Each structure stands twice: as C-alpha cells, then as structure tokens.
Amino acid sequence: IMISLLAEVWMKIQMDARVDALGGFGNVPTKEEFEKGFLAYYKKNFGAPDNKWWDNQKMEMTLAFVNMPAYFVTAMVTNLAFLGRFDLDSFLAVYKSSLLPTGGLSYKLENAFEMSADYVVGAIPSKFHSDPRVQEFRNQRIGRLRLGYNFVYKTIYENPLGNLLGNWEAIPVQGIGPRAWVRQFYGGYLPTELIANNVLRPVEAMNIPGISGLADSCDRLLTTNHTDAFKLIPKAGR
C-alpha cells in the first residue's frame with residue numbers, strides 16, 4: 001500500500017508538471033464559458049488538444065518504465081522484509097497494468113479538473129486575481145470543488161475500476177488458478193513458475209559447482225512461501 005501511495009504521488013507530480021509546461025493551469029474561463037457552468041467548462045478541457053488520451057497514456061507508460069529501477073529496489077526490500085522473497089509476479093503485474101488504456105483515461109479526467117479549477121474566479125475581473133483576498137477565496141473554493149469532484153470520481157470510476165482490477169489480479173479463477181490476471185498472459189503459469197521450472201530447477205539438478213548453488217539461491221529468492229505458485233515442479237531429490 002505504501003509503495004502504491006508513493007508511486008501515485010510521484011506520477012501525479014510528473015503529470016502536473018507536463019500539463020503546467022503546456023500552459024494547462026491557471027486557465028480562467030471567459031464570461032461566456034463561466035455562464036455555461038463548471039461542467040461545460042470541464043467538458044471543454046476534457047477534450048482540449050493538450051489533454052489527448054494518447055498523450056496521457058504515453059506519459060504514464062514512460063514514467064512507469066523510467067521509474068522501474070527505483071521501484072525494483074523498493075519492491076525488493078519491502079518484499080524481503082514482509083514476505084521473505086521477491087514477488088516477481090506482482091512486480092510484473094504493476095507494469096502490465098500501466099499498459100491498460102484506463103491509465104490514460106484516468107489522467108485525462110484528472111487533468112481536465114486541474115485545467116478547470118480556476119473556474120471559481122471566473123466572475124472576478126482579472127485585475128483582482130493577484131489580490132491576497134481573492135487568492136484565499138480561490139483556494140477555499142477549489143478545495144471544496146476538489147472534495148466534491150473526488151467523491152464523484154472515486155465513487156463512479158476509480159474505486160469500481162480498482163476493485164475490478166484488484167479482484168482480477170488476486171482472486172482465483174476456475175480453470176486458471178490464483179492470480180489469473182498474470183497467468184492469462186503466460187499460458188496459465190506465473191512468471192515465477194516458468195523461471196523456476198524451466199531454468200532454475202533444471203540447473204540445480206545438474207549439480208554444477210557454484211552455478212547450481214546460485215540457481216538454488218535464486219529459486220529460494222522467488223519461491224519461498226509462495227503459496228500461489230501451485231504449478232512449481234518439485235526439486236530434484238525431494
């Protein structure tokens with residue numbers, strides 16, 4: 001949970017920096033746009049040229065893979081501390097999730113809100129926008145708007161989607177097994193099972209000095225207490 005929270009914060013900062021560089025923040029609606037209401041202004045920014053789904057999707061995938069070394073170290077330390085092994089399957093599932101089209105849509109929705117937030121000062125002449133009292137009013141109204149938006153966004157979209165993907169990733173599926181989300185992409189096996197069965201355990205059985213010992217260490221690193229890896233073949237002599 002902690003890794004996910006930190007990753008989401010880092011991703012959000014990077015996405016906000018991108019939108020800011022494109023001039024997407026600080027947009028105050030015109031009089032005509034303000035009179036149409038916040039939802040109409042949000043809809044306009046949702047479809048803005050600087051907020052295309054594919055641009056957001058590419059950005060999310062780029063950030064995810066650029067951050068892979070740091071996430072690998074964090075996941076390794078956390079997994080060893082709490083599981084006694086490295087959960088390769090979960091690690092790969094995170095990056096597979098970043099390829100889903102829902103990622104780009106999530107950031108498109110979020111960016112539309114950020115680009116629309118200054119709707120709250122649309123009725124105030126621009127010459128007064130730098131006034132500290134106007135800034136205080138702006139921040140308070142955006143805070144209230146954000147609370148309402150988050151409630152709707154999480155209730156209708158984020159939480160249902162998260163539950164769906166979480167269940168798909170973790171709940172056993174008849175005929176496939178536990179972690180069906182991962183197994184469906186590897187012929188019904190977990191990556192851990194494939195590596196241990198086809199690489200590590202055959203090398204261990206060869207009893208090659210040094211090499212077989214290394215393979216055994218890698219095997220233990222990946223499979224210790226891995227109750228979901230039910231397709232692991234037994235080690236030679238066991």
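One is the number of the first residue; the rest follow in order along the sequence. This is a predicted model, so every value here is computed, not measured.
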Taking C-beta and beyond as the side chain, do [X] and [Y] meet within less than 4.5 Å on heavy atoms?
| X | Y | value |
| --- | --- | --- |
| Asn79 | Phe91 | no |
| Leu222 | Arg85 | no |
| Leu221 | Met76 | yes |
| Phe46 | Ser116 | no |

Open item on the list: Check Lys154 with Glu110, please: is the shortest side-chain N to carboxylate O separation under 4.0 Å?
Closed with: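 Salt bridge absent between Glu110 and Lys154.
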Pairwise distance [atom1]([X]) to [atom2]([Y]) - rounded to 0.5 angstrom:
| X | Y | atom1 | atom2 | value |
| --- | --- | --- | --- | --- |
| Leu109 | Asn45 | CG | CG | 12.5 Å |
| Asp55 | Tyr107 | CG | OH | 14.5 Å |
| Ile124 | Phe34 | CD1 | CZ | 8.5 Å |
| Ile195 | Leu190 | CD1 | CG | 10.5 Å |
| Asn56 | Asn51 | CG | CG | 5.0 Å |
| Tyr119 | Arg141 | OH | CZ | 11.0 Å |

TODO: Take Leu200 and Thr223, measure what side chain to side chain contact (heavy atoms under 4.5 Å, CB included) needs, and give me the verdict at the end.
DONE: CA-CA 11 Å; Leu200 299 178; Thr223 65; over 6 Å; no
Open item on the list: Does Arg144 form a side chain to side chain contact (heavy atoms under 4.5 Å, CB included) with Val120? I'd like the steps, not just the answer.
Closed with: CA-CA 10 Å; Arg144 295 176 189 173; Val120 298; over 6 Å; no
We want to know whether [X] and [Y] form a side-chain donor-acceptor pair, criterion being a heavy-atom distance below 3.5 angstrom.
| X | Y | answer |
| --- | --- | --- |
| His129 | Asp118 | no |
| Asn197 | Arg201 | no |
| Tyr95 | Tyr71 | no |

Task: same_hphob_cluster(Ile233, Val203) at 4.5 Å side-chain heavy-atom cutoff - done: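 No, because Ile233 and Val203 fall into different hydrophobic clusters, even though each may have its own neighbours under 4.5 Å.
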Determine all donor-acceptor pairs shorter than 3.5 Å in which one atom belongs to a side chain in residues 178-188; sequence neighbours excluded.
from: Arg179; atom 1: NE; to: Asp228; atom 2: OD2; distance (Å): 3.0
from: Arg179; atom 1: NH1; to: Asp87; atom 2: OD1; distance (Å): 3.0
from: Arg179; atom 1: NH1; to: Asp87; atom 2: OD2; distance (Å): 3.3
from: Arg179; atom 1: NH1; to: Ser90; atom 2: OG; distance (Å): 3.1
from: Arg179; atom 1: NH2; to: Asp87; atom 2: OD2; distance (Å): 3.1
from: Arg183; atom 1: NE; to: Pro178; atom 2: O; distance (Å): 2.6
from: Arg183; atom 1: NH1; to: Gly188; atom 2: O; distance (Å): 3.0
from: Arg183; atom 1: NH1; to: Glu193; atom 2: OE1; distance (Å): 2.9
from: Arg183; atom 1: NH1; to: Glu193; atom 2: OE2; distance (Å): 3.4
from: Arg183; atom 1: NH2; to: Glu193; atom 2: OE2; distance (Å): 3.0
from: Arg183; atom 1: NH2; to: Asp228; atom 2: O; distance (Å): 2.7
from: Gln184; atom 1: OE1; to: Trp168; atom 2: NE1; distance (Å): 3.0

TODO: Step by step, work out the ring pair (Phe, Tyr, Trp, His ring centres under 6.0 Å) result for Tyr149 and Tyr42.
DONE: CA-CA 11 Å; Tyr149 176 81; Tyr42 177 88; 5.8 Å; yes
TODO: Would you sort out whether Leu39 and Lys43 count as a side chain to side chain contact (heavy atoms under 4.5 Å, CB included), showing the intermediate values?
DONE: CA-CA 6 Å; Leu39 290 179; Lys43 182 178 179 181; over 6 Å; no
- [ ] Examine distances only and state if a side-chain atom of Gln57 and a backbone atom of Leu100 form a donor-acceptor pair shorter than 3.5 Å.
- [x]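 Side chain of Gln57 to backbone of Leu100: a pair is present.
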Open item on the list: Taking Thr155's backbone N and O only, do any of them form a donor-acceptor pair with Asn159's side chain (distance below 3.5 Å, no angle check)?
Closed with: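 Side chain of Asn159 to backbone of Thr155, a donor-acceptor pair under 3.5 Å: no, none is there.
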Task: More than 12 heavy atoms of other groups within 6.0 Å of Tyr189 OH - done: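 Open: at most 12 neighbouring heavy atoms sit under 6.0 Å from OH of Tyr189.
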- [ ] Look at atom NZ of Lys96 and say whether more than 12 heavy atoms of other residues, nucleotides or ligands are closer to it than 6.0 Å.
- [x]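 Counting neighbours around NZ of Lys96, more than 12 heavy atoms of other residues, nucleotides or ligands fall under 6.0 Å, so yes.
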Task: Smallest separation among heavy atoms of Ser212 and Ile208, with atom names - done: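 That closest heavy-atom pairing would be OG-N, 2.6 Å.
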Open item on the list: Quick one, Val121 with Phe128, criterion side chain to side chain contact (heavy atoms under 4.5 Å, CB included). Give me CA distance, side-chain angles, the key distance, then yes/no.
Closed with: CA-CA 10 Å; Val121 293; Phe128 298 122; over 6 Å; no
Open item on the list: Restricting to side chain to side chain contact (heavy atoms under 4.5 Å, CB included), what partner residues turn up for Asp131, sequence neighbours left out?
Closed with: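 Partners of Asp131 under the side chain to side chain contact (heavy atoms under 4.5 Å, CB included) test: Arg133, Val134.
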